[in-house]
Each structure stands twice: as structure tokens, then as C-alpha cells.
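Notes follow once the structure below has been shown.
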Amino acid sequence: MIGHRIFYVLVSSTFVFSHFLSAQQIVLDDSFSYWQYKNIVSYKDKSGDTNTSGIDFTDIKISNDDSFLYVYFDLNKEINLQQNNFITIYVDMDHLTSTGLNIAGIGADLVYYFGPKNGKYYSGNLSTSVFHNDIGLISSPTVTSHQFEVCIRRSFPTYLGTGKMSDKVRILISDENVAGDKAPDQMGGYTYTMDNTRKFTPLPFSIQKDKKEHLRILSYNVLRDRMFLPQFAPAYDRVLKAIQPDIIGFCEIYDNTSSQTAAFVENILPSMSSQKWHHAAISPDIRLVSRYPILQSRSLDGNGAFLIDLGYSKLVYIVAHLPCCENETQRQQEADNIMSFVRGIRFGISPFQVPQNTPVIISGDMNFVGLRRQPQTFMTGDINDNGRYGPDFQPDWDDTDLQDAMPVTTNTSSTFTWYNERGTFSAGRLDYFYFTNSVMDLKNSYLLWTPSLTSTQLLLSGLRKGDVEECSDHLPLVCD
């Protein structure tokens with residue numbers, strides 16, 4: 001059915017576990033839209049007082065809820081906050097110059113160096129090295145930008161002593177390069193008074209589908225075949241039963257075939273009819289399992305493109321697992337190649353012969369930790385290597401960008417999809433879900449994070465608090 005809208009879920013069932021977002025709640029989601037509230041405390045730093053690093057702080061904004069302090073800053077230059085910089089935040093947690101590190105007229109009890117990814121906490125005459133997990137630090141985005149937003153817990157673990165922010169704090173942000181810019185320029189930092197009326201209110205999400213005919217897609221990196229190991233299988237069993245997906249795009253299944261993967265899912269979620277789960281594989285690690293027939297599949301540099309027959313419509317579903325870490329060149333090349341394939345769909349020259357307005361979805365572990373250019377390629381169809389992969393194009397059927405679903409992590413104020421408490425990097429958004437929103441409606445989406453669920457939510461969904469962490473370092477990404 002041409003142009004049929006396949007996503008309809010209304011967030012109205014008894015399994016919607018939250019209230020509406022409070023008027024001033026900040027969510028770290030890469031869009032920075034939440035910083036536009038009228039009552040957000042904001043400051044302007046003088047422009048043009050930068051050094052040879054080119055970093056020039058211009059806008060600083062501060063907010064809080066009952067659990068976190070939030071800070072936004074614009075540095076007027078695109079950098080990667082998680083590496084190769086000297087950006088440092090100083091927080092005078094007790095508003096006393098006499099305690100902590102004496103710098104620029106404040107007593108900084110907490111110092112965090114974003115580039116080296118570590119810091120210091122000062123208590124009495126002692127200083128303790130701290131990392132992201134100690135202070136609950138999350139920064140967004142994980143790619144290069146000139147804008148960043150971070151959160152820091154207002155109360156630290158007991159092993160750091162009395163680590164609790166008072167109702168009044170002072171903040172300084174500095175480029176520690178030679179003669180680097182500071183915000184503010186004057187002594188004394190920015191004084192911020194906590195608004196203790198602001199209570200964290202999670203965004204709404206529905207763990208279960210509102211109606212059984214709605215299409216639920218799960219995108220999941222399962223950490224090198226981990227779900228097939230006996231000690232982890234029970235946690236995966238509970239997660240899949242709670243989510244009840246219709247189509248699953250798996251990453252990092254290297255040692256088990258698509259048939260074995262489908263059998264694993266079938267054992268947990270038996271088919272409603274004699275037809276068992278359909279499956280397909282793209283080497284080395286992409287596995288697709290679907291309640292609907294898979295008509296065709298194609299490898300795109302090891303990423304998988306699949307044509308699925310929904311009955312009322314075809315669906316082009318691309319499961320991506322891009323190269324990680326500092327492999328910028330290959331990651332961009334694979335993004336270019338995937339979007340070149342989408343361009344073929346868009347203009348009727350694809351190996352997948354589908355009608356106009358056929359829904360297209362791209363999801364998976366994108367490993368976006370480098371240049372902003374890569375997610376832009378997916379969103380906008382702006383291909384980097386036009387000589388090799390062809391011209392730029394508008395990827396949606398109505399000549400617009402694809403939509404980034406941008407699901408929020410359950411019961412949190414962030415969109416992180418990857419978490420490793422002992423890892424070098426703080427929690428971040430590495431998994432994405434793009435779709436042609438001209439022919440699809442997305443009404444419910446979430447990143448399942450069981451440590452944040454309440455006891456009632458766990459009971460109703462059959463989950464345990466440690467399930468998601470036990471399963472993988474990536475979170476299940478769910479879209480209806």
C-alpha cells in the first residue's frame with residue numbers, strides 16, 4: 001500500500017511508566033532544544049578573547065533537577081570533547097573559597113578534564129582522582145560539535161567523602177591551553193543557585209506495545225554472541241520477553257548463524273502460527289530475525305540491507321555496524337555507501353524493486369565518536385565522497401531529511417545507548433534509528449535501561465535491575 005503509515009503507537013496503555021516532562025527538565029539528546037526554556041540561567045562570555053587554539057567560549061547555560069547539575073557551553077569551534085582538548089570544568093560545590101582548589105577566585109571541590117577523561121575531587125586536605133562513573137558525568141554529543149551539554153551528579157558516592165553539592169555553587173569553564181579562554185573572564189566564576197522545586201520527571205514510554213498490530217523494531221548490539229552463552233541467556237530471555245519485538249536487527253553475532261539466532265528467539269518468543277521466525281545474515285556479524293518474510297538481502301560493506309514483506313507494505317530495513325574508534329575514513333565510506341544504496345531506492349534504480357513511498361529504516365551501532373560529518377550523511381544524504389558514491393540527495397520521499405528517532409533512555413535525562421562503568425569513556429549515544437517520516441509515524445520509542453526502572457516497572461515487565469548491563473554494553477533500542 002503506497003504511502004501506508006506503519007507506525008501508529010499511542011502512549012496510552014497501562015504500561016506507560018512516567019508523567020509528562022516537567023517544564024524545565026533538561027534532556028541530553030544532542031539537539032540542545034531543552035536549553036531554550038525561558039527560565040534557564042544563561043550567561044554571555046566576551047567574544048574574540050580567544051588564543052591560538054581557536055576556542056572561544058560564548059554562551060554558558062546552567063540548570064538542575066533534584067539529582068543532577070546540567071551545564072551547556074558553546075565554544076565557537078568544532079572539537080571532540082572526549083579527546084584532544086584541554087577543556088576543564090571547575091565546580092565549587094560548597095560555595096566556599098576556603099575549600100578545594102583555589103583558582104580564579106573560587107574553591108573548586110571538583111575539577112574534570114574532558115580531553116584526558118579524568119579529574120580531581122578535593123575533600124579537606126586530600127584530593128582523589130575521579131572518573132566519569134564516580135561523578136555520574138555524561139557529555140553530549142559524542143561527535144565533534146561547537147556546542148556541548150553535560151550533567152554531573154549533585155551527590156557523589158560515599159567513598160568520596162562528603163561529596164554533595166550545596167544549594168549554591170560556583171562554576172568556571174576553562175581552555176587550559178596557553179592563554180586559553182575562560183568563562184567567565186572575571187574572578188569568582190558563575191554563581192548558580194539550585195532550584196529545588198525542579199524534580200526529575202521522566203519522558204513517557206511504553207515497554208509493551210499499545211496494540212498487537214503495531215510494528216515493533218528492536219535494534220541491538222549483543223556484545224560478541226553473548227546471548228548464546230548459558231550464563232547470560234536468562235537475562236536475554238527476560239529482555240526479549242519484555243520487549244516482544246516483531247523485527248530484530250542484531251549486531252555482533254559472529255559465531256552463530258541466522259538460523260541459530262532465529263531458533264534462540266523462537267525458543268523465547270514462540271511464533272503464533274506454524275511459520276517460525278524468518279532470518280537472514282550479512283557477514284560478518286549482522287543477523288536479522290523477523291516475524292515477516294524477508295524477500296531480499298544485500299551486503300553494504302558488511303552492513304545489511306533487507307527487504308521485508310509486511311503484507312500491507314514492503315519495508316527496506318538497513319542494519320548497520322560501522323567501524324569503531326578512530327577509524328574515521330572507513331566509517332565515513334560505509335555511511336556514504338549506505339546512503340548511496342538509499343538513493344537507489346529513492347529513485348527506483350535499486351536491486352530492491354519497491355514502489356515509491358516504501359518505508360526505509362536505518363538502525364544499528366553506528367560508533368559515532370568522531371566527526372559530526374558521519375551522522376549528517378545519514379540524516380541529510382550529504383555524501384562525502386561524491387566521486388565514488390555519487391551525488392548528494394534528499395533521502396526522504398518528500399525531499400526532506402530522514403528523521404532521527406532519538407529515543408530517550410528509560411527514566412533518565414539522557415539518550416545514552418552505550419554504558420561501561422569501568423570504561424575509559426562515559427556513557428554515550430552510539431546507536432541510532434533513522435527513518436522516512438514522510439511515510440511512517442513514530443509515537444513510542446525508548447532505550448531500555450533496567451537499572452533505572454522502578455520496582456513496579458520491573459515487576460510488571462518481568463525484568464531484573466541488572467538485566468541490561470548483564471546482557472551487553474549496548475542498550476536495546478526500541479521503536480514502534
Side-chain angles (χ1 to χ4, degrees), residues 32 35 41-62 69-93 95-123 125-132 134-135 137-152 169-192 325-326 328 369-373 424-426 428:
F32 311 107
W35 293 97
V41 175
S42 61
Y43 303 92
K44 286 281 186 183
D45 187 61
K46 181 181 177 182
S47 297
D49 55 346
T50 182
N51 70 334
T52 53
S53 74
I55 291 175
D56 187 6
F57 297 109
T58 57
D59 293 274
I60 310 294
K61 300 180 182 182
I62 307 172
L69 173 72
Y70 301 90
V71 181
Y72 162 95
F73 50 93
D74 189 326
L75 4 126
N76 211 26
K77 178 186 178 180
E78 189 170 304
I79 68 164
N80 190 324
L81 189 62
Q82 299 190 83
Q83 60 186 359
N84 302 325
N85 71 79
F86 298 95
I87 305 299
T88 305
I89 187 168
Y90 299 89
V91 183
D92 184 343
M93 295 171 54
H95 202 255
L96 294 174
T97 310
S98 57
T99 62
L101 176 68
N102 194 290
I103 181 169
I106 71 172
D109 307 287
L110 172 67
V111 182
Y112 192 84
Y113 312 98
F114 288 103
K117 296 177 284 294
N118 60 54
K120 292 282 188 182
Y121 173 67
Y122 294 84
S123 178
N125 296 322
L126 301 176
S127 67
T128 305
S129 294
V130 293
F131 300 90
H132 60 84
D134 298 307
I135 60 176
L137 181 135
I138 299 175
S139 63
S140 173
T142 59
V143 295
T144 56
S145 177
H146 65 88
Q147 303 175 85
F148 294 97
E149 50 190 355
V150 304
C151 66
I152 299 171
V169 298
R170 288 184 288 198
I171 294 170
L172 167 70
I173 302 177
S174 173
D175 174 16
E176 298 294 293
N177 252 306
V178 177
D181 193 20
K182 290 180 172 58
D185 295 318
Q186 65 272 20
M187 301 287 282
Y190 296 117
T191 296
Y192 177 74
C325 314
E326 297 180 356
E328 298 286 345
V369 294
L371 297 175
R372 181 170 58 99
R373 185 79 167 75
T424 304
F425 293 88
S426 61

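This is a predicted model, so every value here is computed, not measured.
With a 4.5 Å cut-off on side-chain heavy atoms, D134 and Y112 do not count as touching. Residues K120 and S129 are in side-chain contact: their nearest non-hydrogen atoms beyond the backbone lie under 4.5 Å apart. Counting only heavy atoms from C-beta outward, the side chains of T88 and F86 never approach each other to under 4.5 Å. You'll find the side chain of H132 stays beyond 4.5 Å of the side chain of I138, heavy atoms only. The shortest distance between side-chain heavy atoms of D45 and I173 does not fall below 4.5 Å. Side-chain atoms of L69 and I171, non-hydrogen and from C-beta on, do get closer than 4.5 Å to each other. Side-chain contact check for F114 versus L137: some heavy-atom pair is nearer than 4.5 Å. For the pair T142 and Q82, the minimum side-chain heavy-atom distance is below 4.5 Å.
Here H95 contributes atom NE2 and T191 contributes atom OG1; the two are 4.0 Å apart, rounded to the nearest 0.5 Å. Residue Y122 holds its OH atom at 13.0 Å from CG of D92, rounded to the nearest 0.5 Å. Note that CD1 of I89 is 11.0 Å distant from OG of S174, once rounded to the nearest 0.5 Å. Between the NE2 atom of H146 and the CG atom of D56 there is a distance of 12.5 Å, given to the nearest 0.5 Å. Taking CG of N76 as the start and OG1 of T58 as the end, the distance is 5.0 Å to the nearest 0.5 Å. For the atom pair CG (D74) and OG (S47), the distance works out to 9.0 Å, reported to the nearest 0.5 Å.
Among all heavy-atom pairs drawn from F32 and P141, the shortest one is CZ-CD, 3.9 Å. Considering all non-hydrogen atoms of both residues, R170 and G107 come closest at NH2-N, 4.5 Å. When all heavy atoms of L172 and K182 are compared, the closest pair comes out as CD1-CB, 4.3 Å. Here the closest non-hydrogen pair linking V369 and Q83 is O-NE2, 4.3 Å. Looking at every heavy atom in both residues, A183 comes nearest to F57 through CB-CB, 3.9 Å. L371 and E328 get closest at one heavy-atom pair: N-OE1, 3.2 Å.
Remark: E326 CD is loosely packed, at most 12 non-hydrogen atoms of other residues, nucleotides or ligands lying under 6.0 Å away. More than 12 heavy atoms of other residues, nucleotides or ligands lie within 6.0 Å of OH in Y43, so this atom counts as buried by the packing criterion.
For the side-chain contact (heavy atoms from CB on, under 4.5 Å) criterion with N85, the lone passing option out of I79, N177, L75 is I79.
Using cut-offs of 30° and 60° on the angle between ring planes, the pair Y70 and W35 is perpendicular. The aromatic rings of F148 and F73 lie tilted to each other, with the angle between the two planes from 30° to 60°.
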Any chance you could lay out the side chain to side chain donor-acceptor pair (under 3.5 Å) test for Q147 and Y72, step after step, and finish with the verdict?
CA-CA 7 Å; Q147 303 175 85; Y72 162 95; 2.7 Å; yes
Give the C-alpha distance, both sets of side-chain angles, the deciding distance and a yes or no for side-chain contact (heavy atoms from CB on, under 4.5 Å) between Y121 and I135.
CA-CA 9 Å; Y121 173 67; I135 60 176; over 6 Å; no
Side chain to side chain donor-acceptor pair (under 3.5 Å) assessment of T99 paired with D109:
CA-CA 7 Å; T99 62; D109 307 287; 3.3 Å; yes
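At a threshold of 4.0 Å, the pair D59-K44 counts as salt-bridged, since one of the basic side-chain nitrogens sits closer than that to a carboxylate oxygen.
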